[in-house]
Amino acid sequence: MKKVEYKNFRSPDEVRTFEKGKVEIVNIGGGVVGLLTLEPGWRWSDHVKPIAKTQWCEALHFQYQLSGRLGISMADGTKIETISGHVSWLPAGHDAWVIGNEPVALVDWSGAMHFAKT
C-alpha cells in the first residue's frame, strides 16, 4: 500500500536560479511540481535561452498562475496574456515575459522539471 506524501515549497528538493527568476522543485508521488517566480523585466529569450540553448522554450507547461501578468508568444505567431487565476497549457515552442511591475508566480505540473536546467 502506498503512503500519503506531502511537501512544502518552503523546503524544496531543488532550487534553480537565473537572472530575474527562480524555480523551486518538489518531487512527490513520482512526479515533479515547480513554483516559478519571475521578476519584472524577466523574459525567457533574454534570461533562460542562454541556459536552454534552444530558439524557443521547449518545455511543455501545465500551470496555474498565482500572481502577475505574463505575455506569451508561440512559434506559430499566437500571442496571449495570462493573469492571476488562469490555468494554461503551453506546448513546446514559446517565449514568455513579465508584463508590468508585479512578479509572476506560477505552479507548474509539467515543464518545471526541465526549466532552466543546465
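Computed from a predicted structure; not experimentally measured. Quick note: numbers below take in every heavy atom, side chains included, and nothing from hydrogens, waters or symmetry partners.
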Determine whether Lys49 and Asp95 satisfy the following criterion, side-chain contact (heavy atoms from CB on, under 4.5 Å), listing intermediate values before the conclusion.
CA-CA 9 Å; Lys49 181 178 179 176; Asp95 191 8; over 6 Å; no
Decide yes or no on side-chain contact (heavy atoms from CB on, under 4.5 Å) for Ser73 and Trp97, but give the supporting numbers first.
CA-CA 9 Å; Ser73 180; Trp97 58 94; 3.8 Å; yes
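Of all the heavy atoms in Arg10 and Asn8, the pair that sits closest is N-OD1, 2.8 Å. The two residues Glu24 and Pro12 have their closest heavy-atom pair at CB-CB, 4.0 Å. Heavy-atom minimum distance, Gly68 versus Gln65: O-NE2, 2.8 Å. Listed here is the closest heavy atom pair of Trp42 and Lys20: N-CD, 3.6 Å. The nearest pair of heavy atoms linking Pro91 to His94 is O-ND1, 2.8 Å. For Ile99 against Leu70, the heavy-atom pair with the smallest separation is CD1-C, 4.0 Å.
Here the CZ atom belonging to Phe18 is positioned 12.5 Å from the CG atom belonging to Asp46, to the nearest 0.5 angstrom. The structure places CD of Glu81 at 10.0 Å from NE2 of His86, a figure rounded to the nearest 0.5 Å. Rounded to the nearest 0.5 angstrom, Leu90 CG and Leu106 CG are separated by 9.0 Å.
Both Val98 and Ile80 are members of a single hydrophobic cluster when ILVMFWY side chains are connected at heavy-atom separations under 4.5 Å. Trp56 and Leu38 sit in two unconnected hydrophobic clusters of ILVMFWY residues. Membership requires side-chain heavy atoms under 4.5 Å apart, directly or through other members.
Clustering of Ile, Leu, Val, Met, Phe, Trp and Tyr side chains at separations under 4.5 Å places Tyr64 together with Phe9, Val26, Ile28, Val33, Leu35, Leu60, Phe62, Leu66, Val87, Trp89, Val107, Trp109.
Residue Asp76 places its CG atom among more than 12 non-hydrogen atoms of other residues, nucleotides or ligands, all under 6.0 Å distant. No more than 12 heavy atoms of other residues, nucleotides or ligands lie within 6.0 Å of NZ in Lys22, so this atom counts as exposed by the packing criterion.
Without hydrogens or angle criteria, Ser67 side chain to Ala105 main chain gives a donor-acceptor distance under 3.5 Å. A donor-acceptor distance shorter than 3.5 angstrom exists from the side chain of Lys7 to the backbone of Asn27, with no hydrogens or angles considered. Here the side chain of Glu5 pairs a donor or acceptor atom with the backbone of Gly29 at under 3.5 angstrom.
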